[in-house]
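Heads up: the structure comes next, in structure tokens.
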Amino acid sequence: MTTPVFAVVGHPNKGKSSVVATLSQNDAIAIALEPGTTRQRQEYPLTVDGKTLYTLVDTPGFQRPRRVLEWLEAHSISASDRSETVKAFIIQHRDDGGFTDECELLTPLTEGAGIIYVVDGSVPYSAQHEAEMTILRWTGRPSLALINSIGEDDYSDTWAQALGQFFQVVRKFDAVSAPFEQHLSLLRAFGQLEPDWERPLEQATDFLLAQRRQRRTEAAAKIAHTLEEMMSFREKRTLTTLQTSDMSDEELARQLRTSWYHNQRKREQNLRIAIEKLYEHHRVERQEAELEWHSEHDLFSEDSRKAWGVNRRYLATAGFGAGAVGGAGVDALTLGHSLGAGALVGGLIGAAGSYFYGDRLTLPVLNTGVLTNGLRTAVFGPVQDSQFGYVVLGRAINHWWHISHRNHAGRELLDLAPADNHWLEHLDRANRQVIHRALERCRKQRVLDDKTRFALAAAIEQAMSAYDDWRLNRT
């Protein structure tokens with residue numbers, strides 16, 4: 001089966017490299033405002049599980065299209081020899097420095113690549129581009145034009161009318177912000193243009209859809225694992241008698257607290273890097289990286305608690321459900337003679353406990369053991385309430401959402417500013433209770449078994465879907 005190859009061509013500095021970066025999922029491709037950044041064609045395959053689905057070829061821009069067209073017209077006898085005339089042009093001018101860019105640009109087309117012609121829809125259409133479009137039509141290759149508006153003005157309607165006379169398919173496509181569904185739509189459109197590519201491009205869209213689902217599942221598992229670690233994390237230190245006498249409890253608490261904060265922030269940072277790597281984003285610049293700890297965006301700030309924590313009513317409802325499950329065990333032991341009282345009491349206790357912690361973030365306190373055999377152990381952690389877990393969860397899912405929707409042409413700073421409403425309200429009750437029960441178990445230093453871990457990851461994946469729907473106004 002033939003692997004499709006697309007040459008991305010056009011005028012200099014009109015967004016070709018951005019299109020290549022997004023469609024090949026490669027954020028290592030240089031994108032610069034200066035014309036002439038790309039001087040040689042460069043291939044970028046998109047590979048999933050070791051299989052190349054298609055290849056994008058980034059090319060230099062046209063430099064002298066009118067002179068190229070003049071040469072072609074002068075050496076062509078009829079329409080039937082136009083593609084061969086383009087090949088002859090390359091052979092004759094391959095070592096001619098005056099047409100280096102055109103030879104680089106046209107070579108992959110003569111070798112069988114399809115055409116993706118990129119124009120900037122924010123600048124007016126000009127007849128100067130007709131020479132470029134005419135040359136591309138002479139190659140006889142399947143062709144698709146993308147209107148990629150770089151500036152604020154919009155001349156896309158005029159462009160669409162002109163491009164429609166030269167190309168089989170014309171689409172608007174913002175390489176920086178186009179959603180994933182538009183990527184798939186482009187692949188399907190190309191499959192309609194070239195019969196040999198229809199089947200491989202159908203497979204490519206299937207692979208990419210499966211990859212996207214798999215990435216979401218893997219991201220949920222990573223978030224669940226980090227959440228469990230952070231909720232149950234304790235900072236420990238064992239002191240000798242001499243060390244105990246040289247250090248006050250206040251100083252010991254300060255040191256352990258600082259270390260506990262640092263390690264928790266590091267865990268969150270490692271999670272973010274792992275999620276970015278999962279989505280092939282290796283060069284993300286963050287607004288948060290330049291901010292000091294204890295700023296409004298810090299993991300432990302009051303602003304973060306207000307933005308990502310849940311309210312008392314939510315906690316009470318989730319706490320009741322989680323407590324009722326535990327109480328149901330009592331009912332089972334009494335063979336039903338308690339008439340459901342165990343579930344009711346358990347639910348009320350869970351709701352009361354959760355309600356109590358609803359408007360604050362209670363952090364750990366120092367606990368020191370007795371001096372035994374000349375040694376004393378001091379422990380800081382774990383967290384005292386489940387609100388911390390909701391803050392970690394909200395921040396993690398918000399970060400995942402921005403990364404999973406970020407195109408690889410995006411070079412802007414990653415802005416993780418919180419939203420102004422609470423998304424967990426859109427998650428169904430059963431999954432809310434699964435998450436709450438897991439947070440409570442971790443807080444109480446009770447190890448999660450494999451079944452609970454699996455359920456937590458599945459509930460978080462549902463929470464990610466709820467967040468996605470909420471952000472895209474689909475709820």
Side-chain angles (χ1 to χ4, degrees), residues 4-20 23 35 38-43 54-76 78-94 98-121 123 125-148 156 158-173 175 186 189-190 192-194 196-197:
V5 179
F6 308 123
V8 182
V9 301
H11 214 63
N13 202 31
K14 298 303 179 188
K16 298 189 300 296
S17 295
S18 296
V19 170
V20 174
L23 294 181
T38 305
R39 299 309 307 270
Q40 293 183 320
R41 65 183 184 277
Q42 181 70 46
E43 295 187 359
Y54 55 82
T55 297
L56 278 296
V57 183
D58 198 8
T59 67
F62 280 105
Q63 298 294 334
R64 298 176 177 82
R66 289 182 175 174
R67 289 186 57 189
V68 174
L69 185 58
E70 288 172 3
W71 190 97
L72 295 175
E73 291 173 337
H75 292 78
S76 173
S78 68
S80 62
D81 69 3
R82 286 178 174 174
S83 62
E84 293 302 318
T85 306
V86 173
K87 292 180 182 177
F89 172 85
I90 295 171
I91 293 171
Q92 182 164 333
H93 296 89
R94 182 171 293 150
F99 294 105
T100 301
D101 289 355
E102 277 77 10
C103 289
E104 285 290 306
L105 182 159
L106 292 171
T107 295
L109 302 181
T110 61
E111 294 174 347
I115 299 169
I116 297 180
Y117 181 62
V118 181
V119 301
D120 180 2
V123 299
Y125 168 76
S126 165
Q128 294 180 353
H129 294 87
E130 291 185 12
E132 299 176 2
M133 296 187 284
T134 302
I135 294 169
L136 294 174
R137 191 163 62 180
W138 275 47
T139 66
R141 299 304 303 156
S143 61
L144 181 149
L146 298 182
I147 304 173
N148 177 36
S156 54
T158 309
W159 272 108
Q161 291 177 5
L163 293 167
Q165 299 179 46
F166 290 87
F167 297 91
Q168 293 158 284
V169 174
V170 178
R171 296 282 178 86
K172 290 184 181 180
F173 186 80
L186 285 183
F190 249 116
Q192 297 299 314
L193 300 179
E194 174 58 58
D196 288 344
W197 291 346

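- Nearest heavy-atom pair, A7 versus L109, reported as atom, atom and distance to 0.1 Å: CB-CD2, 3.6 Å.
- Closest non-hydrogen pair, R41 versus P60, comes out as N-CD, 4.1 Å.
- In this structure, I116 and F190 approach most closely via the heavy-atom pair CG1-CE1, 3.5 Å.
- Annotation: salt bridge (Lys or Arg N to Asp or Glu O under 4.0 Å) contacts involving residues 78-94, sequence neighbours excluded, comprise E84-K87.
- With 3.5 Å as the limit, one finds a donor-acceptor pair spanning the side chains of E132 and Y117.
- Between the side chain of T107 and the backbone N or O of E104, no donor-acceptor pair lies under 3.5 Å.
- Distance check, rounded to the nearest 0.5 Å: CD of Q42 to CG of L56 gives 12.0 Å.
- Nearest heavy-atom pair across S143 and Q168 is N-OE1, 2.7 Å.
- From W71, atom CH2 reaches atom OG of S76 across 9.5 Å, with rounding to the nearest 0.5 Å.
- Of the inter-residue distances, the one linking D58 atom CG with L23 atom CG reads 11.0 Å to the nearest 0.5 angstrom.
- Separating the NZ atom in K172 from the CD1 atom in I147 is a distance of 6.5 Å, to the nearest 0.5 Å.
- Here OG of S83 is found 14.0 Å from CZ of R137. Values are rounded to the nearest 0.5 Å.
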- Task: Assess whether side-chain contact (heavy atoms from CB on, under 4.5 Å) is satisfied between I135 and F62, documenting all intermediate values.
- Result: CA-CA 10 Å; I135 294 169; F62 280 105; 4.2 Å; yes

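- Heavy atoms only, all atoms of each residue included: K16 and P12 are closest at NZ-CA, 3.9 Å.
- Under the ring-ring contact (aromatic ring centres under 6.0 Å, His included) criterion, W138 pairs with no residue, sequence neighbours left out.
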- Message: Walk me through whether M133 and L163 qualify under side-chain contact (heavy atoms from CB on, under 4.5 Å).
- Response: CA-CA 8 Å; M133 296 187 284; L163 293 167; 3.4 Å; yes

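- Qualifying ring-ring contact (aromatic ring centres under 6.0 Å, His included) partners for F99, counting only residues two or more places apart in sequence or in other chains: F89, H93.
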- Which is it for L186 and L146 under the side-chain contact (heavy atoms from CB on, under 4.5 Å) test, yes or no, and what are the steps along the way? CA-CA 10 Å; L186 285 183; L146 298 182; 3.6 Å; yes

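- When all heavy atoms of T139 and L136 are compared, the closest pair comes out as OG1-O, 2.6 Å.
- With rounding to the nearest 0.5 angstrom, the CG atom of L105 is 13.5 Å from the CD atom of Q40.
- The backbone N or O of V118 lies less than 3.5 Å from no partner atom in the side chain of N148, so there is not a single donor-acceptor pair.
- Of the candidates I115, L144, L193, F167 forms a side chain to side chain contact (heavy atoms under 4.5 Å, CB included) with just one, namely I115.
- The backbone N or O of T110 sits nowhere less than 3.5 Å from a side-chain atom of R141 that would complete a donor-acceptor pair.
- E43 places no side-chain N or O within 3.5 Å of a backbone atom of T55 that could act as its donor or acceptor partner.
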